[in-house]
Amino acid sequence: MASENAARETADAVQQRASKAAPGLKKIAPYWYPYTTMAKGRWLGREILEVVSTEFRDRSMEYYRYALESGVTTINGKVAKPDTVVRNGDRIENIVHRHEPPVTATPVKIIHHDKEREFIVVNKPGSIPVHASGRYFRNSLIEILKNDFGFEKVHPINRLDRLTSGMMILPLSALRAAEISKEFMAGTVRKEYVARSKGEFPEEEVICDQPLLTIDRQMGLNVVHPEGKPAKTIFKRLHYDANTDTSVIHCIPLTGRSHQIRVHLQYLGYPIANDPVYSEIKIWGENLGRGGVDTTPSDDRAAPVAPAQFSFEDGANPETISQGTPAGKSSLSTPDPLDEAVVEEAPARKLLPRETGHDIGMGSPVPLSADMVGIITRLRNMKDEDEDWSRWRDVVFRGRRMLSPCGVQSPLPPQNRRKRGGPVELLASNTTLVGHDANVGSTDAKPEPPQLTVEEALTKVEQFQADSYHASPTPQSPSVEPSSDSRKPMVANESVAGATPTADPSTPAESEGQLYCPECFLPLHPDPKPERLYIFLHALRYTTSLGCFETEMPEWAAEGWTWEK
């Protein structure tokens with residue numbers, strides 16, 4: 001036990017040194033992480049690839065297919081393939097190379113700590129999610145309170161959107177959480193927010209009581225809809241700035257629906273000025289959703305559109321690509337003499353809902369209209385383009401590389417022989433990966449491998465393929481992936497020949513350098529500007545039976561304040 005604690009302390013120290021970020025940002029070095037979950041009811045009887053590609057949109061369709069074919073996912077301890085059917089009682093485990101997005105370096109502040117009544121009041125900065133979800137784990141509020149402030153257990157009873165800043169009341173015991181939760185459910189908690197919206201909001205008080213409905217669970221998209229849940233918000237303008245054509249508004253939500261203030265302001269025609277979803281012309285059009293959207297049901301669907309900067313060879317489309325055709329030419333790709341053979345050998349298969357667009361609306365409680373389908377499609381396409389999956393195809397399709405988690409043995413040990421999220425077994429004896437408590441690849445404090453340019457990445461995957469080919473007992477075509485037993489395990493700290501290792505993960509990915517992660521080959525992006533990590537929405541004041549608590553007004557709410565759009 002003592003040796004384990006010492007190893008964790010060493011790993012944490014390494015992580016702290018390695019996580020230095022650019023001013024205004026807090027970053028976590030990428031790390032391999034095992035997820036464990038039990039099969040949900042809606043997954044039963046469905047193929048695992050269809051489940052993950054429709055349930056999650058964190059990565060591209062091609063990525064999920066390659067990951068499954070690489071053996072990083074197991075069901076009940078056995079390697080799962082794309083067509084493995086999920087059954088009742090299945091335990092699904094998945095190893096991912098987790099790239100946590102950067103968050104603001106603005107610290108979480110403890111406004112009030114009542115030890116006797118067992119609760120704390122915090123001021124959460126925008127960009128930090130409350131719970132660990134998606135790509136976020138260490139950079140979530142719950143983990144920050146545990147790791148940075150020493151709170152063993154907090155019980156969130158309400159949450160703020162990741163992009164929203166402001167006050168939260170967090171009980172420290174289950175009993176206190178149950179008591180305060182009853183107040184929120186009964187609607188006796190008075191919540192007050194401040195927002196900065198586009199346009200000149202009316203001076204008089206405005207009440208919006210339009211019902212709200214979540215029409216896309218993956219993207220968390222909500223609209224005004226007659227079949228939605230009741231919602232009511234009171235708005236009062238504080239001041240208007242003609243220079244920026246924006247209004248600062250005091251908001252009192254009388255209900256607690258998801259994205260309530262954001263959607264109600266959009267419906268009124270005054271969306272939050274820097275909202276990347278509800279104030280985006282590319283998604284909603286010039287009208288920006290004012291007055292709501294059409295709700296007439298429609299069965300029309302369209303396949304996702306490839307990012308504009310990526311062109312498919314010979315008019316091929318994403319469906320052809322996903323069936324085995326290598327990526328088309330781009331400014332970074334070179335022709336592959338095996339392309340024709342691969343196309344001939346590729347077996348025909350049915351297209352999955354995400355490839356045809358029919359996954360849109362699968363999680364909606366009501367039939368979607370053509371207007372809503374179009375909004376969801378444009379939002380998804382915009383996200384996929386931002387993620388730059390075309391560059392990922394350039395490397396993975398060109399190199400035919402399996403996504404090996406750096407020597408992590410698959411399948412994982414049975415659930416009853418390891419702790420959830422605990423240490424994982426390795427093929428390489430000189431590599432120690434820590435799954436849950438440290439986010440570094442080695443406890444020996446070795447330097448992290450450098451980020452790769454596309455030329456280095458292509459060289460690396462081609463060399464990996466050649467090594468796997470020569471290591472295989474039975475010669476086979478390089479276009480066919482070798483079995484997991486014949487693959488050469490990659491060492492976590494392996495670097496490209498001739499490259500200089502760096503231990504600083506905060507080095508920005510230069511767009512002209514086309515940088516990739518050296519372990520999973522995900523495209524790396526330049527660091528975002530800190531001011532683009534939040535929206536102009538802040539929880540200002542909560543009044544409960546425990547008392548009235550409030551934060552200072554955010555700086556963007558001041559008269560005459562301007563920002564870089």
Side-chain angles (χ1 to χ4, degrees), residues 15-16 19-31 57-58 98-111 121-149 154 156 158-168 170 193-197 218-222 251 258-262 265 271-280 379 382-383 386-387 439 505-506 508-509 522 524-540 551-557 561 563-565:
Q15 171 61 23
Q16 188 174 10
S19 298
K20 294 179 181 178
L25 294 177
K26 177 184 176 183
K27 299 179 69 176
I28 300 292
Y31 55 98
R57 287 198 62 86
D58 192 49
R98 201 166 197 168
H99 287 249
E100 293 204 33
V103 298
T104 179
T106 302
V108 173
K109 294 182 180 179
I110 305 294
I111 299 175
V121 180
V122 305
N123 187 358
K124 181 189 84 71
S127 81
I128 297 177
V130 175
H131 302 277
S133 61
R135 300 185 192 183
Y136 295 89
F137 179 67
R138 293 282 290 252
N139 275 340
S140 64
L141 178 64
I142 302 304
E143 291 300 310
I144 290 172
L145 290 174
K146 180 174 71 174
N147 297 326
D148 296 356
F149 293 89
V154 294
N158 73 309
R159 69 175 182 86
L160 298 178
D161 295 336
R162 177 176 60 86
L163 299 176
T164 303
S165 61
M167 206 202 69
M168 289 188 65
L170 296 163
Y193 290 70
V194 62
R196 182 180 281 269
S197 69
Q218 289 177 342
M219 309 302 292
L221 187 67
N222 297 270
C251 316
S258 180
H259 295 183
Q260 177 172 321
I261 295 175
R262 298 166 68 181
L265 281 173
I272 293 175
N274 65 342
D275 195 319
V277 176
Y278 298 101
S279 189
E280 177 55 64
L379 176 59
M382 188 177 73
K383 181 179 183 298
D386 289 341
E387 293 294 337
N439 297 334
S506 66
L522 285 177
L524 301 178
H525 305 281
D527 286 338
K529 293 182 179 180
E531 58 269 21
R532 298 182 65 87
L533 292 177
Y534 65 91
I535 60 175
F536 299 143
L537 181 61
H538 181 84
L540 183 65
T551 71
E552 297 178 351
M553 290 283 282
E555 63 173 357
W556 49 258
W561 186 83
W563 81 100
E564 294 183 9
K565 297 184 180 180

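These values consider heavy atoms only, across backbone and side chains, with no hydrogens, waters or symmetry-generated copies.
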(message) I'd like to know if the side chain of N274 and the backbone of Y534 have a donor-acceptor N/O pair within less than 3.5 Å.
(response) yes
(request) Could you pull out the closest heavy-atom pair between A273 and S279, with the gap in Å? (result) O-OG, 3.8 Å
(message) Measuring from atom CG of L265 to atom CZ of F536, what distance do you get when rounded to the nearest 0.5 angstrom?
(response) 13.5 Å
(request) Measure the CD1-CD1 distance between I272 and I261 for me, rounded to the nearest 0.5 Å. (result) 7.0 Å
(request) State the NE2-CD1 distance between H99 and I28, to the nearest 0.5 angstrom. (result) 13.0 Å
(request) Starting at CG of D161, measure out to CZ of R159 and round the result to the nearest 0.5 Å. (result) 5.5 Å
(request) Give the minimum heavy-atom separation between R138 and E143, together with the two atoms involved. (result) O-CB, 3.8 Å
(request) Of all the heavy-atom pairs spanning Y136 and R162, show the shortest one and how long it is. (result) OH-NH1, 3.3 Å
(request) Report yes or no: does K124 contribute a side-chain atom to a donor-acceptor pair with the main-chain N or O of T164 at less than 3.5 Å? (result) yes
(request) Answer yes or no: is there an ion pair linking K529 with D527, defined by an N-O contact shorter than 4.0 Å? (result) no
(message) Between P554 and V194, is there a side-chain heavy-atom distance shorter than 4.5 Å?
(response) yes
(message) Quick one, P156 and L170 - any side-chain contact, counting heavy atoms below 4.5 Å?
(response) yes
(request) Assign the ring pair H259 / Y278 to parallel, tilted or perpendicular, where the plane angle (0 to 90°) is split at 30° and 60°. (result) perpendicular
(message) Do L160 and H538 have side chains that approach each other closer than 4.5 Å (heavy atoms only, starting at C-beta)?
(response) no
(message) Taking the side chain as everything from C-beta on, heavy atoms only, tell me whether T551 gets closer than 4.5 Å to L540.
(response) yes
(request) Looking only at non-hydrogen atoms, find the nearest pair between N222 and G220 and report the distance. (result) ND2-O, 3.1 Å
(message) Using every non-hydrogen atom in the two residues, find where R135 and E100 come nearest and quote the distance to one decimal.
(response) O-CG, 3.1 Å
(message) Could you check whether any side-chain heavy atom of K26 comes within less than 4.5 Å of a side-chain heavy atom of I144, counting everything from C-beta outward?
(response) yes
(message) Quick one, I110 and L145 - any side-chain contact, counting heavy atoms below 4.5 Å?
(response) yes
(message) Has E531 got a side-chain atom pairing as donor or acceptor with W563's backbone, closer than 3.5 angstrom?
(response) no
(request) Work out which heavy atom in P528 is nearest to a heavy atom in P102; give both atom names and the distance. (result) CD-CG, 3.6 Å
(request) Drop me the distance from T104's OG1 to L25's CG, to the nearest 0.5 angstrom. (result) 7.0 Å
(message) Would you say that L163 contacts V277 through its side chain, given a criterion of any heavy-atom pair below 4.5 Å between the two side chains?
(response) no
(message) Is the shortest side-chain heavy-atom distance between R262 and I535 below 4.5 Å?
(response) yes
(message) Can you tell me how far apart CG (L221) and CG (L379) are? Round to the nearest 0.5 Å.
(response) 6.0 Å
